[in-house]
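Worksheet for the structure shown next.
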There are 4 protein chains.
Amino acid sequence: MRFFSDNAAAAHPAVIEAIAASNRLDTAYDGDAYSAQLDAAFSDLFETQVKALWVTTGTAANCLALAALCPPHGAIVCHRDAHIEVDEAGAPGFFTHGAKLMLVDGPGAKLAPDAVGAAIDRIRKDVHQVQPKALSITNATEYGLAYSAGEVGALGETAKRHALRFHMDGARFANAIASTGDRPADVTWRAGVEALSFGFVKNGGLNAEVLILFDTSLADEIAVRRKRAGHLASKGRMLAAQILALLDNDLWLANARAANAAAQALAGAAPDRLVYPVEANEIFLRMTPEEAASLRAAGFDFYDWGAGEIRLVTSWDSDPETVEQLAKAIAAL
Amino acid sequence: MRFFSDNAAAAHPAVIEAIAASNRLDTAYDGDAYSAQLDAAFSDLFETQVKALWVTTGTAANCLALAALCPPHGAIVCHRDAHIEVDEAGAPGFFTHGAKLMLVDGPGAKLAPDAVGAAIDRIRKDVHQVQPKALSITNATEYGLAYSAGEVGALGETAKRHALRFHMDGARFANAIASTGDRPADVTWRAGVEALSFGFVKNGGLNAEVLILFDTSLADEIAVRRKRAGHLASKGRMLAAQILALLDNDLWLANARAANAAAQALAGAAPDRLVYPVEANEIFLRMTPEEAASLRAAGFDFYDWGAGEIRLVTSWDSDPETVEQLAKAIAAL
Amino acid sequence: MRFFSDNAAAAHPAVIEAIAASNRLDTAYDGDAYSAQLDAAFSDLFETQVKALWVTTGTAANCLALAALCPPHGAIVCHRDAHIEVDEAGAPGFFTHGAKLMLVDGPGAKLAPDAVGAAIDRIRKDVHQVQPKALSITNATEYGLAYSAGEVGALGETAKRHALRFHMDGARFANAIASTGDRPADVTWRAGVEALSFGFVKNGGLNAEVLILFDTSLADEIAVRRKRAGHLASKGRMLAAQILALLDNDLWLANARAANAAAQALAGAAPDRLVYPVEANEIFLRMTPEEAASLRAAGFDFYDWGAGEIRLVTSWDSDPETVEQLAKAIAAL
Amino acid sequence: MRFFSDNAAAAHPAVIEAIAASNRLDTAYDGDAYSAQLDAAFSDLFETQVKALWVTTGTAANCLALAALCPPHGAIVCHRDAHIEVDEAGAPGFFTHGAKLMLVDGPGAKLAPDAVGAAIDRIRKDVHQVQPKALSITNATEYGLAYSAGEVGALGETAKRHALRFHMDGARFANAIASTGDRPADVTWRAGVEALSFGFVKNGGLNAEVLILFDTSLADEIAVRRKRAGHLASKGRMLAAQILALLDNDLWLANARAANAAAQALAGAAPDRLVYPVEANEIFLRMTPEEAASLRAAGFDFYDWGAGEIRLVTSWDSDPETVEQLAKAIAAL
């Protein structure tokens, strides 16, 4: 009964079916009939003309975008706990050719305009210090908080004022949207976001993520960078087909709602243990090692998260019965 | 009736089944039960202890290996028509941080020890010129020739003499082995090869290639580089499962034999038109534009390959009847 | 009356004379008779066999060393206020191809073994997090503190325990040695340091720094990297000649002692204002904006250093009379 | 009696004097009074507003410019014998983060529009092949030929048509101008050149080269890249002072004329041995090993240049008597 991570969950059956259905000869790379539908599908979803490029990992989506948004000699402002800083093996440094991450603090891995502005103000405007050129936020954050459209918009203003390009790591964008009920457009391009890593792998996909470019002028360069990074799969149709299957009838949203609902069930079992409000599909709980051990003895798997805390992650396929068992076990501690 | 490229072919049904079968919760990345079998499976196949890492594209396999074998300030000796030079968008330069490709000529995109040695001898041994540090050959070559074990061994000697690390791009390694009947060990590590990009995508796989490390000490560094390049898929079990399905009962070899047989059928139809001997699954034919047009009018698709030449590529699922039709059409020109 | 920085000071007359004396035809690059003397000269000074390569800036010295000591996918542990982090425009990221700086705190920009160890222990040992591969300290530190041989040795032990390569940024190494009276060997290779950026430009040189390699096996690779970074000057003899002039009769040490003595004179004027002990040639003083303004009105130039602090830097040619005037002016505040 | 290379020649006495004269405290880096004069001085010389940045080597000048003109995923068209390809240790790959050099042939290391156009036409316009983004020519060429303003202009047209940025490596720009008598403006920006590496080191300077930016919008980025590459010397005034000394009274032109005249004297001694016309200060002669040996026995030093050829290089300080001796010795062979 694993509550380790959503990225290890199964793919949705509709995704496997879509792969099988696309399994016939077609044009290679992204020249196929499935890939050709992505721009239009996401333009509909985001209510504006976008370019949508499939990639196979969130790290690739994030770093291809950042490489196009920040020069090698620039800095990317992000949260100290951002995935790009903590868990991508230095991939931003690789893709950008050495750009720096400029780390900013904030509760729940969320960035606030003031903190971003203050960090930028500490940089001397000379050639000796690396100048910030881009801003990257994660939505939902690494601690499961969802940005409101207003919050993103305020950061967008900050970015504009300091001439920073603006990227959103949306590995759990679906969970954020399912949580806030915001229109995807409001929390992205209308708020100043220029590129979005839209995650599907944690939400029912097999290995397809999508990089959404609201600044469509970035698309040609990123397409070259994707190939150059070895990320232009020859059977791209099987990536595009997965995504189309998840877009169909808003399956992506249904999946995210299911994961969020499971998280709420767990959060409700221990409101006083919560380290952060539960707004997506991650739950951080205060818990003694003994308590954690007793849950594990009962068959539940999860990560410790620093001293005296644990992390639980639900996913689209979290079994309601198992979730209920865990909720009861936590409540009973 | 497409004879454009094997990389656009369908995946083998057994591969799709293997993906579906692996579609349940397991440990993420390469910590799953499928990935755990790869080292042993390929160690059996190659009759020595190897490390086997899945990646999703041949470009990634090639370039991760080259980055580990050649420092940023070194050069990789390869053929002027090598895929890494011609068709990977400069990916070797990206992964190696700027290493140079040192181009050598040879008929049929094949390298010979003399030509390699002569190119190296032209380099002054000082800090002003980029020094060769690695050798990379493609087997089967970009023109469909298969290296014999003896030929690779002679290049391995050359590499050793000049202190070059030795990489083989085996995007069509299966076709080469099916052609020569050599033991995989003989044409790789026994001949001095230290890393092999073993291609499955062109031969029935969906999106899984394998990097085989005969120098197993490279594995830890390459695992880090794989993550850093955004190539550590979170559901790696679905990559490993594909490969295991293709290894099962030597399906990979059966697939390659089918592709090669189709190529022989086409070659037999026009022995006097052949630009190169047909040893794998690519056929290069001399053909006037008018002849090519008449074939296309009959429904056959393929690439022109320079002036007065065309390229046909067969694959594991080339339909025998279609192949026979094409053979007849060529013979009738 | 400038107390901005020692790097803007004049070169020592002996250095200008040495340049003029070397101004005749000789072999280009580092093949000349002056450059040929460096290894021996520094091997004498450090009481062990070293390789000594001239470069023209401290940034180049630091980053060439770091690139050889840390792979692109590794991290360099350094102080949060280290010059390589704060004032080199991201040069370490450029030279190392994207390695990360892992920032550690400590009073006076000094690193302590415990803090280094704790930072390393926070890194998970997996492919998702960048692993530390090198340690870099600055001696004297950015706040003018000198490491004792024992302190460096303890860091050397820490480095060894964690398999980190060990670099010292010695832009003000001369001032540190002049301060502690340690033998250069004791505070470097005997304490585990493998590469030292030995600064001369701030200490009477014109544009020659020296990279001292105690691990002499690094020399060939670094020589290539130096050329590749555009740092192999064609008239290297004029760099080597400067250094030899400063080594002659320990002029480098006399210069550093003069700068340190000037710093002591200033420190003595305001012991209660000192932010850090003055151990080299930098003095950080608590001072109100009004006080600072009055000093400036009296003709003294210097940097503010955060709120309520100023920085004074002395150099080999600080005029004793001017120093005394400034000391009096400070005392009189 | 060395005829190896002009880069090993002495600096002009006026240059040494200028260094000595600038040897007093001033603002560090390029904030000094000397550096501040460069933009105006070169704007005068080139009859248009330019930005002029000192650097210490030609490799740095070339590669800083190329990094600003070509993205990491692009290619730089240049001659197969260009210095950036042959003799800079892969520095363009380092500075540009992996851009490719696209090699074109042409007699005397000179590029012609047709050859450039043909090479570009061979590149498929897709993401699999590296697309050309910049053109770099050397003037005078590596074989001592000078481009006329018309020839550069024709290349400028080609560059424009293919959307290539245009760089000129002018390590021996002075010799080219001295040879053709063209106005510097006509052979550079009026012909489409956007950045010029203007060499002084081979022509009487000590260690100062200048990067001239006709596209002045590149200056800010290149200033950052210069710092990041460790090329922002702290006593930049001593670089600027050298250059101003050489500009004064057109000393640079007088020096180049002297070198060229010496070359003509040698060329005149053996018109039938010349491999290329002598238009600058390099002379390539057909010569048997025995003949070369006899010259060496007479005390003349020079490089062999392939089988049966030698290279002689004259410089601003070539002693007329020695030149005459060599001319006689050659004529007498």
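Letters go in sequence order (proteins before strands), and every chain restarts at 1. A quick note: this is a predicted structure, and the numbers were derived from the prediction, not measured.
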Distance-only donor-acceptor check, side chains D:His231 and C:His231, under 3.5 Å: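 Side-chain D/A pair, D:His231 to C:His231: present.
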
Residue pair C:Thr59 / D:Arg228, side-chain donor-acceptor N/O under 3.5 Å: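 The criterion, which ignores hydrogens and geometry beyond distance, is not satisfied for D:Arg228 and C:Thr59.
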
Nearest heavy-atom neighbours spanning D:Gly205 and C:Lys235: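 Nearest pair, atom of D:Gly205 first, then C:Lys235: O-NZ, 2.7 Å.
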
Selection from C:Ala11, C:Gly90, C:Gly93, C:Ala60 maximising heavy-atom pairs under 4.5 Å formed with chain D: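 Looking at each of C:Ala11, C:Gly90, C:Gly93, C:Ala60 in turn, C:Ala11 comes out on top.
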
Interface residue of largest heavy-atom contact number with chain D, from C:Asp26, C:Asn23, C:Asp317, under 4.5 Å: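 Top option by heavy-atom pairs under 4.5 Å: C:Asn23.
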
Close side-chain approach of [X] and [Y], heavy atoms under 4.5 Å:
{"X": "D:Asn207", "Y": "C:Asn207", "value": "yes"}
{"X": "D:Thr27", "Y": "C:Phe4", "value": "no"}
{"X": "C:Leu232", "Y": "D:Thr57", "value": "no"}
{"X": "C:Phe94", "Y": "D:Arg225", "value": "no"}

Part of D:Leu206 lying under 4.5 Å from any heavy atom of chain C: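 Both the backbone and the side chain of D:Leu206 come within 4.5 Å of chain C.
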
D:Asp301 CG: over 12 foreign heavy atoms closer than 6.0 Å: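 Atom CG in D:Asp301 is packed in, count exceeds 12.
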
Partner residues of D:His73 under the ring-ring contact (aromatic ring centres under 6.0 Å, His included) criterion, sequence neighbours left out: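 Residues passing ring-ring contact (aromatic ring centres under 6.0 Å, His included) with D:His73: none at all.
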
Under 3.5 Å donor-acceptor, D:Arg237 side chain and C:Ala8 backbone: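 Checked: pair present.
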
C:Lys227 side-chain N/O to D:Ala91 backbone N/O, donor-acceptor pair under 3.5 Å: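 Between the backbone of D:Ala91 and the side chain of C:Lys227 there is no qualifying donor-acceptor contact (under 3.5 Å).
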
Pairwise distance OG(C:Ser22) to CD1(D:Ile16) - rounded to 0.5 angstrom: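 Taking OG in C:Ser22 and CD1 in D:Ile16, the distance rounds to 7.0 Å.
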
Region of C:Thr56 that comes under 4.5 Å of a non-hydrogen atom in chain D: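 Just the side chain, heavy atoms under 4.5 Å.
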
